Amino acid sequence: MKKSILKIVAAGFAALSFVACSNNKLKDQVEIVKIGKFEPAELSSGTMRMPKELTSGLADVDFTVFLNPKNGCSELRYKYNMSKFKLLFDREGREKLCLAAENYLKDYEAKALDRNRTKPSDMYGVIRSRIEWGPFQYSANADPRVTFSYVFVGKSPYFCIRIPMTESSETKGDLRVKFPGTKLYFTRAQLKDLVEGMKEENFRRVAAENTTVSSSKADDYEGYEEADTPKVEADDYVEN
């Protein structure tokens with residue numbers, strides 16, 4: 001039983017590897033590859049910041065990154081303004097996010113950030129993702145073109161994930177469902193928490209651990225800032 005389940009996981013990772021290397025063109029949808037049978041498992045958690053709805057400034061928002069074996073993705077999950085969201089990263093998306101974070105941190109340390117950059121761009125890369133959202137369940141979805149860059153908010157630089165307004169293929173009545181768009185901001189420490197949930201070695205380790213637990217049960221039962229303490233981290237930049 002254990003060997004057969006591990007073979008399924010290995011086949012899933014092989015498919016993920018093929019998908020990640022087969023096409024450099026921006027695809028229309030994330031790649032869905034089932035890698036095993038277990039409940040979504042936590043990869044990392046932390047806090048990020050998002051624009052406040054009715055006032056200026058940023059709000060702290062907790063997030064958790066889950067490995068979902070049903071789709072082979074890392075899912076960035078968070079709740080905001082009475083709704084819950086999950087942003088999907090397939091293997092290609094995870095790799096590009098890790099590279100984007102690495103390049104941002106290098107630019108930060110080299111003091112190469114431009115204080116006049118206040119609008120998001122795709123300077124660190126672009127991926128196809130899937131966003132799912134709803135007040136109680138994930139009842140709507142869209143496939144946005146997500147970009148990675150940095151922006152300054154006041155005197156503070158942030159790594160920025162921009163999810164633009166995106167039309168869904170779904171309709172409700174005569175109206176086309178739309179994701180309104182948003183931006184996710186990360187300080188360096190917050191970004192490192194996010195990246196922990198995107199690293200391939202962590203993804204594979206958690207998948208293997210949960211596969212072992214699942215197969216053991218099957219054998220046993222036969223089927224059964226920095227937000228609160230702002231501080232200066234560099235001479236040229238202030239992270240809030």
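This chain uses plain numbering: 1 for the first residue, then up along the sequence. Because the structure is a prediction, the values reported are computed rather than measured. As a basis for the values below, the full set of heavy atoms in this structure was taken, side chains included, without hydrogen atoms, waters or symmetry mates.
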In Å, rounded to the nearest 0.5 Å, how long is the span from CD of Q190 to CE of M48? 9.5 Å
Closest heavy-atom pair, R145 versus L26, reported as atoms and distance to 0.1 Å, is CG-CD2, 3.7 Å
Going by side chain to side chain donor-acceptor pair (under 3.5 Å), name the residues that satisfy it together with N81, two or more places apart in sequence or in a different chain. E53
When you group the ILVMFWY residues by side-chain heavy-atom contacts below 4.5 Å and let the links chain together, are V30 and F203 in the same group? no
Taking the side chain as C-beta and beyond, is there a heavy-atom pair between D107 and Y124 under 4.5 Å? yes
Report yes if some heavy atom in the side chain of M82 is under 4.5 Å from a heavy atom in the side chain of P135; otherwise report no. no
W133 versus A142, closest heavy-atom pair with distance: CZ3-N, 3.7 Å
Criterion salt bridge (Lys or Arg N to Asp or Glu O under 4.0 Å) on K106 and E102, from CA distance to verdict: CA-CA 6 Å; K106 286 180 180 177; E102 180 182 342; 3.3 Å; yes
Is E95 salt-bridged to R91, cutoff N-O under 4.0 Å? yes
Any heavy-atom pair between the side chains of L97 and I161 that's under 4.5 Å? yes
Nearest 0.5 Å, what's the OH-CG distance between Y150 and L105? 13.0 Å
Once you measure the plane-to-plane angle for F85 and F179, does it fall in the parallel (<30°), tilted (30-60°) or perpendicular (>60°) bin? perpendicular
Transitive ILVMFWY side-chain link I163 to Y138, under 4.5 Å: no
Kindly compute the distance separating CZ (R94) from CG (L43), expressed to the nearest 0.5 Å. 8.5 Å
Run L113 and F152 through side chain to side chain contact (heavy atoms under 4.5 Å, CB included) and show every step you take. CA-CA 9 Å; L113 304 184; F152 271 81; 3.9 Å; yes
Taking all non-hydrogen atoms of both residues, which atom of R176 and which atom of S168 are closest, and how far apart? CD-O, 2.7 Å
Residues E201 and R204 bridged, charged N to O under 4.0 Å: no
Would you call L184 and M50 a side-chain contact if the rule is heavy atoms closer than 4.5 Å? yes
Within a strict 4.5 Å, meaning less than it, do heavy atoms of the R117 and S149 side chains meet? no
The reported gap from OH in Y108 to OG1 in T187 (rounded to nearest 0.5 angstrom) is 9.0 Å
To the closest 0.5 Å, what do you measure between SG (C98) and CD (E196)? 9.0 Å
Holding to side chain to side chain donor-acceptor pair (under 3.5 Å), I want the full list of residues that pass it with D143, two or more places apart in sequence or in another chain. R130
Less than 4.5 Å apart, side chain to side chain, heavy atoms only: is that true for T147 and S121? no
Looking only at non-hydrogen atoms, find the nearest pair between D193 and S45 and report the distance. CB-O, 3.6 Å
Check whether any side-chain heavy atom of R162 lies under 4.5 Å from a side-chain heavy atom of V151, and answer yes or no. no
Less than 4.5 Å apart, side chain to side chain, heavy atoms only: is that true for E109 and R188? yes
Side chains of residues 62-69: which donor-acceptor partners sit under 3.5 Å, not counting sequence neighbours?
{"residue": "D62", "atom": "OD1", "partner": "T47", "partner atom": "OG1", "Å": "3.2"}
{"residue": "N68", "atom": "OD1", "partner": "K70", "partner atom": "N", "Å": "3.0"}
{"residue": "N68", "atom": "ND2", "partner": "E75", "partner atom": "OE2", "Å": "3.0"}

Do L88 and Y78 share a hydrophobic cluster (ILVMFWY, side-chain heavy atoms under 4.5 Å, transitive)? no
Decide yes or no on side chain to side chain contact (heavy atoms under 4.5 Å, CB included) for K183 and V153, but give the supporting numbers first. CA-CA 12 Å; K183 303 177 190 72; V153 180; over 6 Å; no
In this structure, would V177 and L87 fall into the same cluster of hydrophobic residues linked by side-chain contacts under 4.5 Å? yes
Could you tell me the separation between the CD atom of E42 and the CG atom of N210, rounded to the nearest 0.5 Å? 11.0 Å
